[in-house]
Amino acid sequence: MPIAASWDFKVEDPPSLPPNPPQLKDWGHTYVSITGNAGQGEEIPLTGFQGRHWPAIFMQAGATGLDMPPFEIHSDVSPNLDGSSFRDARVAAREIMIPVYLYGVDRYTLRELKRNLIRALNPRNGACVLKIQEAGQPPRYLTCYYKGGAEGNEGADSAGFRWMRYGIQLTAMDPYYWTDDFHVAEWVFGRGSPFLGSATPIFPLKLSEGLVSSDAFPVLNPGDTDAWPVWEIRGPVRAFKFTHATRSFGITSEPTSDLIPGGRTLTIDTRPGVKTLRLDDGTNFWPKLDANPALWPLPFGRSTIGIHMVPGGSNAKLKMTIRPRYETY
């Protein structure tokens, strides 16, 4: 009588898979992506993994540096007292590490994933923009430069035939997250158009004909720190001055004629590294500024600002826009 034989078959993971395939449970409700070429390149999702055999790049658990930015503390030492005295604090550049996992359906797709990621990270192609969006919330962005971590490691636990791991290291020179532009308010002479909700409406504004002068216009910055306004003044306007607390800037030396002609728009960009006053035809208005100008930022929360303008007609218009900054996503 023949002897019956039986075998127990056990399906094993392909040898090219790591011993502990990464999971997405920690990032299932958060969208994260990275875009190279100063934010103008192809957006690469890092949390869009759709299946085990789908080519993708995605985050693993263990990312660091995504919450509160680091601070530099400055202090003075007294020769006669123990310890030190606090003098100042400064927000430093943010260091970030993002562990990512690349998985292709074959060797070719893995190589393409790797090349696209490396091209996006190359700092010579410009900064890369890290985008993080929680479910139901607006996205927040962090401008970063690649520092290291994607050099490659062909060890058994770091790479295989169709997968590999990187620990991408990024530096955010500006440590704050920013959002899309936020229109604080828009004023049209004779009426006001609000861009923010309030239980007690502050608009429409009652603006007098021929002259607008008030040190108590209410505005809102919804971010966690200072934001730098971009002003747009549409003529005809003869003179203007904007103040906050003790700081101010403006052009008040030509009140008898139109400083900004009708139909033209003067854009005042107060952001650090920009600081420009330019008419839409390219004319530089910086030399026209009053002495000792201070292109001030708008502090977080609610505050009041001063607006002093001499319009040349009833169709003049003023708009204030900021890009709020946040300490965490």
Side-chain angles (χ1 to χ4, degrees), residues 16-18 20-69 93-123 125-153 157-160 162-180 326-329:
S16 63
L17 287 176
N20 53 338
Q23 304 295 324
L24 270 184
K25 59 182 180 180
D26 293 332
W27 293 96
H29 299 285
T30 305
Y31 177 77
V32 183
S33 70
I34 193 165
T35 305
N37 193 23
Q40 302 302 312
E42 178 185 357
E43 183 177 358
I44 301 175
L46 301 182
T47 54
F49 191 59
Q50 300 297 323
R52 191 173 188 182
H53 298 288
W54 190 267
I57 304 173
F58 58 91
M59 291 179 64
Q60 297 183 258
T64 61
L66 296 177
D67 288 324
M68 189 172 182
R94 182 191 294 261
E95 300 292 334
I96 300 166
M97 194 284 289
I98 300 179
V100 297
Y101 175 78
L102 288 69
Y103 184 44
V105 295
D106 53 27
R107 187 68 175 176
Y108 175 79
T109 56
L110 173 63
R111 290 179 57 209
E112 289 302 302
L113 291 173
K114 179 172 62 174
R115 291 180 64 188
N116 289 341
L117 179 62
I118 290 175
R119 187 182 301 114
L121 293 175
N122 189 339
N125 296 333
C128 54
V129 177
L130 188 66
K131 174 182 177 181
I132 304 181
Q133 184 173 12
E134 296 283 359
Q137 300 296 319
R140 294 185 181 177
Y141 308 92
L142 198 61
T143 302
C144 308
Y145 289 89
Y146 169 76
K147 185 177 181 180
E151 294 84 357
N153 182 346
D157 293 334
S158 300
R162 54 183 180 180
W163 66 272
M164 62 177 23
R165 287 192 176 109
Y166 290 141
I168 299 173
Q169 301 169 32
L170 304 171
T171 299
M173 305 302 180
D174 180 353
Y176 293 106
Y177 291 89
W178 50 271
T179 62
D180 296 321
Y326 297 86
E327 295 173 329
T328 183
Y329 64 89

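The shown structure was predicted, so the numbers you read here are calculated from the model rather than taken from an experiment. Reckoned from all heavy atoms, side chains included, excluding hydrogens, waters and symmetry mates.
With rounding to the nearest 0.5 Å, the separation of CG in N116 from CD1 in I34 is 12.5 Å. Here the OG1-CD distance, from T64 to Q169, works out to 9.0 Å after rounding to the nearest 0.5 Å. Interatomic distance, CD of E95 versus OG1 of T171, reported as 3.5 Å (0.5 Å rounding). For the atom pair CZ of F58 and CG of L113, the computed distance is 10.5 Å after rounding to the nearest 0.5 Å. In this structure, the separation between OG1 on T328 and CG on D67 is 4.0 Å, given to the nearest 0.5 Å. Here Y101 contributes atom OH and I57 contributes atom CD1; the two are 12.0 Å apart, rounded to the nearest 0.5 Å.
The backbone N or O of P175 lies less than 3.5 Å from a partner atom in the side chain of R94, making a donor-acceptor pair. A donor-acceptor pair under 3.5 Å links the side-chain atoms of D106 to the main chain of Y108, judged by distance alone.
Contact check for Y31 versus I132: no side-chain heavy atoms found under the 4.5 Å cut-off. Looking only at side-chain heavy atoms (C-beta outward), S33 and I44 stay at 4.5 Å or farther from each other. A heavy-atom distance below 4.5 Å is found between the side chains of M59 and I98.
The number of heavy-atom neighbours closer than 6.0 Å to CZ of R107, taken from other residues, nucleotides and ligands shown, is above 12.
Remark: the E134 side chain and the T30 side chain contain an N/O donor-acceptor pair separated by less than 3.5 Å. A donor-acceptor pair shorter than 3.5 Å can be found between the side chains of R165 and Q60.
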Please lay out, stage by stage, how Y329 and L66 fare under the test side chain to side chain contact (heavy atoms under 4.5 Å, CB included). CA-CA 7 Å; Y329 64 89; L66 296 177; 3.8 Å; yes

Decide side chain to side chain contact (heavy atoms under 4.5 Å, CB included) for L110 and M164; before the verdict, give the C-alpha distance in whole Å, the side-chain angles of both, and the deciding distance to 0.1 Å. CA-CA 8 Å; L110 173 63; M164 62 177 23; 4.1 Å; yes

Side chain to side chain contact (heavy atoms under 4.5 Å, CB included) for Y103 and R162? Distances and angles first, verdict last. CA-CA 6 Å; Y103 184 44; R162 54 183 180 180; 3.6 Å; yes

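For the side chain to side chain contact (heavy atoms under 4.5 Å, CB included) with T35, the qualifying choice from E43, Q40, K131 is E43, the only one to do so.
Minimum heavy-atom separation, N153 to A159: O-CB, 3.4 Å. Scanning both residues, P139 and Q133, for their nearest heavy atoms gives CD-NE2, 3.7 Å. Of all non-hydrogen atoms in G39 and V129, the two that sit nearest each other are CA-CG2, 3.7 Å.
Residues forming a side chain to side chain donor-acceptor pair (under 3.5 Å) with Q137 (at least two apart in sequence, or on another chain): none.
The side-chain tip of R140 points at the ring of Y326 from less than 6.0 angstrom away and within 45° of straight on.
Judged as a salt bridge (charged side-chain N to carboxylate O under 4.0 Å, His left out), the pairs with a partner in residues 113-123 (not counting sequence neighbours) are, in order, E112-R115.
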Output a table of donor-acceptor pairs, distance under 3.5 Å, between side-chain atoms of residues 142-152 and any protein atom two or more places apart or on a different chain; print 'none' if there are none.
residue: T143; atom: OG1; partner: W178; partner atom: NE1; Å: 3.3
residue: Y146; atom: OH; partner: G149; partner atom: N; Å: 3.3
residue: Y146; atom: OH; partner: A150; partner atom: N; Å: 2.9
residue: E151; atom: OE1; partner: G149; partner atom: N; Å: 2.9
residue: E151; atom: OE2; partner: G149; partner atom: N; Å: 3.3

